[in-house]
Amino acid sequence: MNSSKLVMAYENNKPYIAMFIVQAIYAGMALLSKASISSGMNSFIFVVYRQAFATLALAPFAYFFERKNAAQLSYTLIWKIFFSSLIGITICLNMYYKALNHTSATFAAASTNLIPAITFVIALVLRIERMYIRELHGWAKLIGAIVSVSGALVFAFVKGPTLNFMPWYTSDGEIGSTTNQFSLKGEFIKGPFMILCANILWSCWGIIQAPIMKEYPAKLSLITLQCFFSLMQAIVAAIAMERNVSAWKLGWDFNLMSVAYCGVIVTALTYWLQLWSIEKRGPVFTSMFTPLALIITAIVSAFVWKETLYVGSVCGAVLLAGGLYCVLWGKSKEMTIGNISEEKHEVQVTLESIKTQEL
């Protein structure tokens with residue numbers, strides 16, 4: 001009896017377990033990428049190897065699962081996919097990894113909480129989203145977007161007292177705070193600004209995917225094509241930025257593990273886990289777990305790499321998470337109301353058709 005209860009509990013909680021794994025993987029991406037690039041690996045070359053591993057990992061699955069159902073590729077569609085890869089993957093990733101030289105892994109993880117708010121603002125400007133001024137959910141989305149951006153600014157620029165969880169590390173005066181180091185050099189603005197630009201590009205990429213997927217609904221093949229195009233673009237960018245051949249060497253070391261992790265685990269595994277979770281619980285459910293990556297990254301950075309945490313950073317993280325949940329709540333409420341109105345409309349159409357048949 002107890003074993004059956006455990007099995008039922010596991011089945012009911014599988015989406016929660018899957019999303020915890022996804023956010024832990026994203027936290028690992030921020031931590032490993034930061035460590036690899038800080039150790040001297042060129043960020044442009046890092047993107048090349050990451051996309052190479054992602055393409056090799058996804059291509060076999062795309063071929064075996066979608067080779068019969070994939071739609072035909074026209075020249076116009078190929079250029080659309082190429083352009084979306086350039087904007088949302090190649091330039092976005094290059095800016096993200098370049099920014100890791102000027103900020104901490106914790107801030108990089110925190111910045112992902114801005115993506116839903118940024119996407120909402122861009123969609124609002126493009127009139128893809130609507131602002132319902134007379135409805136509570138409309139104001140929730142707007143206020144949530146403002147609070148999220150404010151939280152990011154507080155996280156990046158407001159310090160305050162330090163939160164020292166490990167007093168034994170401070171005895172020798174060696175605190176490995178990346179943020180501190182770059183603020184002393186006067187470069188603390190570069191990292192947050194570049195990551196903000198990367199998040200804007202990623203939000204634009206997400207918006208572009210909707211019309212592309214209508215023309216090419218094979219999701220796995222689509223992401224594989226985008227990874228391949230991004231690989232070609234990243235090679236060109238890396239050759240232009242780094243001419244030293246020795247910088248391209250990749251041995252059996254930490255850098256190999258980092259690029260393989262980001263390419264195979266982050267791109268391939270999390271893609272499937274998120275698709276499965278969306279199918280089971282919906283997209284809002286998966287978005288609710290986004291702040292978890294920030295928490296995991298902050299804890300690991302503080303305990304392993306002695307990264308200094310500030311009261312201002314914690315307050316900014318709270319604002320980020322609060323704003324994110326406001327946006328998600330407003331979107332969820334809007335979708336619920338929209339579904340109810342559609343159902344009412346369908347019922348009215350059905351009743352009218354019945355009356356017409358009776359007459």
Side-chain angles (χ1 to χ4, degrees), residues 76-77 79-96 98-99 107-108 110-157 189-216 219 222-223 226 230 233 274 278 282-284 286-288 290-291 316 319-339 341-342:
T76 304
L77 182 57
W79 278 110
K80 287 180 182 178
I81 297 173
F82 182 88
F83 178 75
S84 69
S85 304
L86 178 65
I87 297 297
I89 300 179
T90 308
I91 299 177
C92 175
L93 287 179
N94 276 306
M95 294 190 74
Y96 175 85
K98 189 67 177 177
F107 181 81
S111 67
T112 58
N113 293 276
L114 276 174
I115 292 174
I118 294 173
T119 304
F120 166 68
V121 173
I122 295 174
L124 193 64
V125 172
L126 297 177
R127 296 185 178 181
I128 299 172
E129 286 277 346
R130 293 182 180 180
M131 177 61 191
Y132 297 92
I133 301 177
R134 297 181 181 179
E135 301 291 340
L136 180 61
H137 59 79
W139 282 104
K141 291 197 297 182
L142 180 61
I143 294 172
I146 296 172
V147 171
S148 293
V149 175
S150 303
L153 294 175
V154 171
F155 192 101
F157 303 117
I189 296 178
K190 288 184 180 179
F193 177 75
M194 292 177 72
I195 286 184
L196 176 62
C197 292
N199 287 337
I200 292 173
L201 291 176
W202 182 257
S203 298
C204 293
W205 177 85
I207 293 173
I208 293 172
Q209 296 313 294
I212 292 179
M213 287 179 62
K214 289 182 179 179
E215 297 183 53
Y216 196 78
K219 297 186 180 84
L222 177 60
I223 195 66
Q226 293 193 26
S230 175
Q233 296 159 359
Q274 288 186 97
I278 289 171
V284 176
T286 58
S287 300
M288 295 287 282
T290 305
L319 288 173
L320 268 171
L324 170 66
Y325 285 126
C326 283
V327 174
L328 294 176
W329 180 87
K331 186 62 181 176
S332 175
K333 198 73 175 177
E334 181 182 304
M335 291 175 65
T336 303
I337 294 173
N339 291 335
S341 61
E342 287 180 4

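- Of all non-hydrogen atoms in Ala198 and Cys92, the two that sit nearest each other are O-SG, 3.2 Å.
- Here the closest heavy-atom approach between residue Ala140 and residue Gly330 is recorded as CB-CA, 4.2 Å.
- Of all heavy-atom pairs between Gly144 and Cys326, the closest is CA-CB, 3.6 Å.
- Ser85 places a side-chain heavy atom less than 4.5 Å from the side chain of Ile81.
- If you take CD1 on Ile91 and CH2 on Trp205, they are separated by 14.5 Å, rounding to the nearest 0.5 Å.
- Of the possible polar contacts, none joining the Asn199 side chain to the Ile118 backbone as a donor-acceptor pair under 3.5 Å is found.
- When every heavy atom of Ile195 is checked against every heavy atom of Ala99, the shortest pair comes out as CG1-CB, 3.4 Å.
- Inter-residue side-chain proximity for Tyr216 and Lys80 is flagged as unmet; no heavy-atom pair is nearer than 4.5 Å.
- Side-chain contact between Tyr325 and Val147 is absent, with no heavy atoms from C-beta onward closer than 4.5 Å.
- Here the closest non-hydrogen pair linking Ile122 and Cys204 is CD1-SG, 3.8 Å.
- For Phe82, the ring-ring contact (aromatic ring centres under 6.0 Å, His included) partners two or more places apart in sequence, or in a different chain, are Trp79, Phe229.
- By the side-chain hydrogen bond (donor to acceptor under 3.5 Å, both in side chains) test, Thr90 pairs with Ser230, Gln233, sequence neighbours left out.
- Interatomic distance, CD1 of Ile200 versus CE of Met95, reported as 9.0 Å (0.5 Å rounding).
- Considering only residues two or more places apart in sequence or on other chains, Trp202 meets the side-chain hydrogen bond (donor to acceptor under 3.5 Å, both in side chains) condition with none of them.
- A side chain to side chain contact (heavy atoms under 4.5 Å, CB included) with Glu215 is found for exactly one of Thr76, Leu222, Leu77, namely Leu77.
- Using a 4.5 Å heavy-atom cutoff, the side chains of Ser84 and Ile212 are in contact.
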